[in-house]
2 protein chains.
Amino acid sequence: MADAQGAGKTPVEEQISTGKRVRADAQRNLLAVLRAAKDVFAISGVDAPVRDIAERAGVGVGTLYRHYPHRADLIAAVFRQEMDACADEADALGASLPPFEALSTWMRRFVDLAVTKQGLAKALHSGDPAFEGLPARREERLMPAFRRLFERAAASGTIRDDIGSDEFVRAAASLCLSGADTEQAQRLVGLLVDGLRRPEDGREHDDGR
Amino acid sequence: MADAQGAGKTPVEEQISTGKRVRADAQRNLLAVLRAAKDVFAISGVDAPVRDIAERAGVGVGTLYRHYPHRADLIAAVFRQEMDACADEADALGASLPPFEALSTWMRRFVDLAVTKQGLAKALHSGDPAFEGLPARREERLMPAFRRLFERAAASGTIRDDIGSDEFVRAAASLCLSGADTEQAQRLVGLLVDGLRRPEDGREHDDGR
DNA sequence: TATCTTAGTGGAACGTGCTCCGCTTTATAT
DNA sequence: ATATAAAGCGGAGCACGTTCCACTAAGATA
């Protein structure tokens, strides 16, 4: 049995970190497959034919299987990749936009990710070992990136101070995972974000009913 | 989508009970498929090719799919069938053998069933709606049949009175489901059954260490 | 630069699930 | 008994997953 490399490292990282020689074309192909898979999954869902992915990546199916022996490996790799990208973007937004705008912009990005995850939810809960590392990755990479954005907004005084970052993001996630499509989820989470914004001074609204 | 008929009724029962006309050949084929599936599952596991089952039953794959649109339907039907047969046998044994012998003989039969179920365990816990009715069936048909045997043995005074029927059968089941093969499970449950037998009068063994 | 070694490639080929539809068999009406 | 309707049958055919291995070309060696 091929060892499922799980969600801890990409195959390339794996190979590099274990000191093995990695051919340049192999790296290229790996990346092409990953990108193709991301697209195809988005278009046709995670049950899309392997051949479609291989074709889009411009490689043979054999190559695809070489890198990702099981479909779950590929799904995990794509998802991990997207989580990382989303986390990176949090930092980028934090460095380029004012606190509240960075947060609200990033939340839209997060919704995209979370809605996608919906389709993966069944797979995620299948107990497949390939998915084992994903929750940890979320906690260790995605959530901290989010918290930095949130806390910066909090420190700037532009958001309410009676909502915790964790409960906020959990609420957003549950909106996304409740069966809504992207449009609807964006709208609902948008409400949440608006609600988070601290009212303008002197125009506080009456939340005491 | 064809309606999964679940584990509540066999398709034939379904058709008869809904007053629909059922052709004789359809009934024959249905039974043949069920028997073939039982055999093939036993030989090759529940992932055996559909074609193998159809061939053994002497029907085309189309016929098989007509009766059991999803593999889970077939598995559920086979398993339900076996549970019922096992329950029926409890009553038959109860009517033809002395209390303790009836119980101990039936326990061997039960082990066969339970060990088989091991292979199905993953499928059972997959959440497939086809399996929904099975646990209920076990409680409503198999367990009562067992309890009748057990209580008859208890009433006849041939077994200890400090063990409940439920804990006893649960213990037996857990021995079967712990990864043992049939041989081993039979031996272990045999121990359990021997332990259940009330010691001969005047030759009580010292269980107080 | 020319040669060698072998990691890596790609796609033919095979096994399987599942569908589709022309044909067969059964049951009913006459 | 015969004709008619349709339930049911079976297996060819297609899509897909997965394996296998002859071939290609990247990188090491001299």
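Letters A, B, ... mirror the listed sequences (proteins, then strands); counts begin at 1.
- Looking at B:Lys117 and B:Asp112, no side-chain N of the basic residue comes within less than 4.0 Å of a carboxylate O on the acidic one, giving no salt bridge.
- If you find the closest nucleotide of DNA chain D to B:Asn29 and to B:Arg51, the one lying nearer the 5' end belongs to B:Asn29.
- Among the protein residues, B:Ala48 comes within range of the sugar-phosphate backbone only, with heavy atoms under 4.0 Å from sugar or phosphate atoms but none that close to a base.
- Between A:Phe168 and A:Phe146, the ring planes lie parallel to each other; the angle is under 30°, not in the 30° to 60° tilted range.
- Taking 4.0 angstrom as the limit, A:Arg71 places a side-chain polar atom (N or O) nearer than this to OP1 or OP2 of D:dG17.
- Atom CD of B:Gln27 and atom P of D:dG8 are 10 Å apart (whole Å).
- Atom P of nucleotide D:dG8 and atom CG of B:Leu64 are separated by 15 Å, given to the nearest angstrom.
- In terms of position on DNA chain C, the residue among B:Asp52 and A:Asp25 whose nearest nucleotide sits closer to the 5' end is A:Asp25.
- Rounded to a whole Å, the CZ atom of B:Arg23 is 8 Å from the C1' atom of D:dC9.
- Computed from coordinates, the A:Leu30 CG to C:dG10 P distance equals 13 Å when rounded to whole Å.
- A sub-4.0 Å separation between OP1 or OP2 of C:dG8 and a side-chain N or O of A:Thr63 is absent.
- Computed from coordinates, the A:Ile53 CD1 to D:dG17 P distance equals 8 Å when rounded to whole Å.
- Atom P of nucleotide C:dG17 and atom CD1 of B:Ile75 are separated by 11 Å, given to the nearest angstrom.
- Distance check, rounded to the nearest 0.5 Å: CG of B:Leu142 to CZ of B:Arg137 gives 10.5 Å.
- Salt bridge absent: A:Arg198 and A:Asp162 never bring a charged side-chain N and a carboxylate O closer than 4.0 Å.
- C:dT19 atom P lies 13 Å from atom CZ of B:Arg66, rounded to whole Å.
- The distance from atom NE2 of A:His67 to atom P of D:dT19 is 16 Å, rounded to the nearest whole Å.
- Between B:Arg108 and B:Glu183 there is no salt bridge, since no side-chain nitrogen of the basic residue lies less than 4.0 Å from a carboxylate oxygen of the acidic one.
- In this structure, B:Ala54 reaches neither bases nor backbone, as no heavy-atom distance under 4.0 Å exists between it and the strands shown.
- With the nearest nucleotide of DNA chain D identified for both A:Val50 and B:Val61, B:Val61 has the one nearer the 5' end.
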